[in-house]
Amino acid sequence: LINDSQAIQDFLLDYNTRAGLIAYDLTEATWNFNTNLTDYNQNITLDKQLKWDQFLQEAASNATGYDTSVMSEADKRQFHIIKDIGISAQTNETKLKRLNKILSDMESIYSTAKVCLNSTNCVPLDPDLTKIMAESRDYQLLLDVWKGWSDASGRKMKDLYPEYVELSNEAVQLLGYTDTGAYWRSKYETPTFEEDVLGLYNQLRPLYEQLHAYVRRKLKAIYGSDNFPASGHIPAHILGNMWAQEWDNLIKELSPYPKKPTFDVTDEMIRQNYTALKIFQTADSFFQSLGLIPMPPEFWNKSVFERPADGREIVCHASAWDFNNGKDFRIKQCTVVNSKDFNTAHHEMGHIEYFLQYANQPIAFRDGANPGFHEAVGDTISLSVNTPEHMYAIGLLKESIEDKKSDINYLMSMALEKIAFLPFGYLIDQWRWKVFRGDITPDKYNEEWWNLRCRYQGIFPPVARSSDDFDPGAKYHIPANYPYISYFVSFVIQFQFHKALCDEAGYKGPLHRCDIYNNTKAGKKLSDMLQLGRSQPWPVAMKIMTGQTKMDAQPLMDYFKPLINFLKKENGEDIGWQPNCPSY
Ligand SMILES: O=C(CCC(O)(O)[C@H](Cc1ccccc1)NC(=O)c1ccccc1)N[C@@H](Cc1ccccc1)C(=O)O
Ligand SMILES: [Zn+2]
């Protein structure tokens with residue numbers, strides 16, 4: 001084994017130089033494909049993907065020739081990451097090409113899927129179906145769109161998924177992982193990770209049960225109780241969202257004090273002629289007010305902020321891109337001018353800010369401290385941006401609020417986004433981890449998906465499902481092969497981060513009214529953590545931010561305490577649902 005320190009530094013320098021160049025090539029090709037879904041662009045991307053996979057295989061095998069016992073902790077960590085190459089480990093080129101092709105095809109099926117509302121009008125998810133799900137209160141129209149989307153997306157990739165599972169497991173087993181789920185969980189470097197997230201879920205379940213009970217009662221009044229089974233489940237298609245993952249589009253019907261403001265700034269944004277670009281400029285100015293790194297010129301020149309009007313097919317699901325050359329960073333988002341996309345813009349910019357902050361780290365460390373950290377940056381900022389105080393400060397609210405009823409309305413609008421999401425954020429990878437483990441076989445994919453959806457979310461499919469359905473495929477992250485537990489982790493830790501930054505800013509009031517705007521002291525605490533990237537185990541990053549090393553649901557529970565007290569009074573005993581799905 002090579003133990004000469006100069007040789008070790010030479011290997012790392014060579015790896016970083018070559019990885020940067022090849023990664024740039026792949027990212028450029030993938031960007032071109034994602035923003036123009038042609039076969040030509042797919043072939044180029046698959047070609048570059050194979051070159052990248054082969055580079056990783058070569059670097060990983062060369063890295064095994066070095067003696068890590070003589071290395072510093074940081075170099076030892078870099079070598080570990082360089083060797084941990086995931087599905088790129090598949091040395092059988094035919095299998096590797098098939099796996100990459102399946103992944104590319106599943107994402108294309110999802111991104112080009114359309115639903116025909118009538119014989120001549122077939123529309124995509126973004127923006128058309130999303131708008132119908134958010135705004136329509138027509139039970140049957142919502143049902144047609146909900147079922148149509150599942151038929152157009154999930155059903156079309158049903159047979160690809162078992163083949164993907166098998167090829168992905170086989171690849172990571174070459175690295176010694178039992179299955180793909182074990183590889184994904186290894187990113188948290190926590191042996192008790194599954195128990196930890198289960199513990200957080202159980203801690204937060206009572207909050208969700210209270211919100212679910214309140215929303216169910218309100219929706220029964222709107223749609224009539226005939227559509228609500230005795231089991232206590234809510235029909236999956238009437239929550240204002242295609243996946244029932246956030247319910248904030250129902251705020252007008254669900255606001256506890258309808259005579260008071262609901263804090264949805266969409267109308268005001270339209271009145272002020274907000275554009276997609278202005279949304280991103282507004283987000284950028286918040287980040288800069290904290291003393292964080294501004295979005296660079298390339299970002300403004302090369303990002304795609306709106307769905308192109310030239311009719312080309314693109315991947316509309318929002319994403320943030322690091323071109324690994326220290327200067328090219330982009331967002332791709334099919335922005336619609338509304339408060340939801342205003343928040344998504346901050347979410348995506350959080351990813352970009354992380355890229356900028358860790359740009360000087362070696363490539364192996366250019367990642368989140370754990371995947372949940374990457375998802376939490378933008379949302380933490382949004383917790384300040386969404387406050388009535390901040391919306392008033394930037395002119396999107398005509399008056400701020402002082403009375404208790406408006407405060408409850410604000411907390412309700414935040415709960416419909418943050419508490420409603422928790423069981424959804426938790427269950428997606430419960431399903432996938434079981435699939436990867438073989439505990440859920442292809443014949444049971446859809447049945448087990450709905451068992452989890454009924455049990456954790458307390459919703460049910462409003463039309464009988466058949467064995468030809470593949471409803472998991474109707475949610476982007478399944479065909480995009482992107483882990484989802486990172487969002488559940490993010491929704492917990494973003495309240496820890498928000499509390500830590502508000503404490504740092506010397507804020508003394510209730511957490512849900514804290515706005516760290518213009519506070520460079522809070523900004524410094526955040527950037528000190530972001531600069532680490534993945535160079536240290538995430539508890540070190542957590543301690544820098546919050547003073548403690550664990551994930552903790554307490555700040556989230558404290559944030560929503562006034563609302564939960566209100567809901568407990570409102571709901572009384574009328575809460576909960578049967579674990580199993582209702583029968584038809
Ligand atoms: O999917 C997203 C936002 C997109 C993204 O920024 O997380 C994006 C997803 C993605 C896109 C392409 C390939 C893989 C994943 N993630 C990133 O762009 C990203 C993530 C980590 C590092 C760098 C970029 N949000 C989730 C959950 C969520 C988050 C916040 C509020 C509401 C809902 C959802 O919509 O279900
Ligand atoms: Zn994200």
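Atoms within each ligand, like the ligands themselves, are counted from 1 in listed order.
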query: Aromatic ring centroids of Trp149 and Tyr110 under 6.0 Å?
result: yes

task: Establish, yes or no, whether a centroid distance under 6.0 Å links the rings of Phe373 and Phe497.
output: yes

statement: If you compare Ser382, Pro483, Ala320 by their heavy atoms, the one closest to atom 24 (C) of ligand 1 turns out to be Ala320

field: Residue of the set Trp431, Phe460, Tyr161 for which ring-ring contact (aromatic ring centres under 6.0 Å, His included) holds with Trp449
entry: Trp431

field: For Gln245, the ligand 1 atoms whose distance to one of its heavy atoms is below 4.0 Å
entry: 33 (C), 34 (C), 35 (O), 36 (O)

task: For Lys475, take its heavy atoms, then give the atoms of ligand 1 lying under 4.0 Å from any of them.
output: 34 (C), 35 (O), 36 (O)

- line: re atom 33 (C) of ligand 1, the protein heavy-atom contact at minimum distance is Glu246 OE2, 2.8 Å

task: Measure Phe488 to ligand 1 on non-hydrogen atoms and call it side chain, backbone, both or neither using the 4.0 Å cut-off.
output: neither

- request: Please confirm whether Ser319 comes within less than 3.5 Å of ligand 1 when only nitrogen or oxygen atoms on both sides are compared.
  value: no

- request: Decide ring-ring contact (aromatic ring centres under 6.0 Å, His included) for Trp433 and Phe436; before the verdict, give the C-alpha distance in whole Å, the side-chain angles of both, and the deciding distance to 0.1 Å.
  value: CA-CA 5 Å; Trp433 293 344; Phe436 292 136; 9.4 Å; no

message: Can you confirm, on distance only, whether ligand 1 has an N/O atom lying under 3.5 Å from any N/O atom belonging to Glu348?
response: yes

- request: Give the atoms of ligand 1, by number and element, whose distance to some non-hydrogen atom of Glu375 is under 4.0 Å.
  value: 7 (O), 20 (C), 21 (C)

message: Pair Lys131, Asp128 - check salt bridge (charged side-chain N to carboxylate O under 4.0 Å, His left out), show working.
response: CA-CA 5 Å; Lys131 186 176 175 64; Asp128 308 75; over 6 Å; no

statement: Quick look: Phe355 vs ligand 1, heavy-atom contacts under 4.0 Å, and the answer is side chain

field: Modelled atom types, side-chain donor and acceptor of Thr30 and Trp321, under 3.5 Å
entry: no

message: Listing by chain and number, which protein N, O or S atoms are under 2.8 Å from the Zn ion (ligand 2)?
response: His347 NE2, His351 NE2, Glu375 OE1

- prompt: If you measure every N/O of Asp379 against every N/O of ligand 1, is any gap under 3.5 Å?
  reply: no

Check: Tyr426 ring centroid to Phe488 ring centroid under 6.0 Å: yes

- prompt: Using a heavy-atom cut-off of under 4.0 Å, does the side chain or the backbone of Ala318 touch ligand 1, or both, or neither?
  reply: backbone

Closest approach of any protein heavy atom to atom 21 (C) of ligand 1, naming residue and atom: Tyr482 OH, 3.2 Å

task: Examine Phe421 together with Tyr208 and report whether their ring centres are nearer than 6.0 Å.
output: no

query: Is the closest side-chain heavy-atom distance between Leu254 and Leu416 below 4.5 Å?
result: yes

- line: Checking Glu417, His346, His390 against Ser382 for side chain to side chain contact (heavy atoms under 4.5 Å, CB included), the one that qualifies is His346

- request: Tell me whether the guanidinium CZ or amine NZ of Arg330 lies under 6.0 angstrom from the six-membered ring centre of Phe323 and within 45° of its axis.
  value: yes

Value rounded to 0.5 Å, distance of CG in Leu556 from NE2 in His498: 11.0 Å

For atom 13 (C) of ligand 1, the protein heavy atom that lies nearest, with its residue and separation: Tyr476 OH, 3.9 Å

query: Is there at least one pair of N or O atoms, one from His351 and one from ligand 1, spaced under 3.5 Å apart?
result: yes

task: Starting from atom 7 (O) of ligand 1, locate the nearest protein heavy atom and write down its residue, its atom name and how far away it is, to 0.1 Å.
output: Tyr487 OH, 2.6 Å

- prompt: Looking at ligand 1, does any of its N/O atoms fall within less than 3.5 Å of an N/O of His317?
  reply: yes

- prompt: For ligand 1, which atoms sit closer than 4.0 Å to a heavy atom of Tyr484?
  reply: 26 (C), 27 (C), 34 (C), 36 (O)

message: To check you understand the geometry: which heavy-atom pair defines the closest contact between Asn32 and Asn41, and what is its length?
response: O-ND2, 3.6 Å

- request: Compute the shortest N/O to N/O distance between Lys340 and ligand 1 and return yes if it is under 3.5 Å, no if not.
  value: no

- prompt: Which class fits the ring pair Tyr482 and His477: parallel under 30°, tilted 30 to 60°, perpendicular over 60°?
  reply: tilted

statement: What one should report as the nearest heavy-atom pair of Gln42 and Asp105 is NE2-OD1, 2.9 Å

- prompt: Quick one: does Trp321 get within less than 4.0 Å of ligand 1, heavy atoms only?
  reply: no

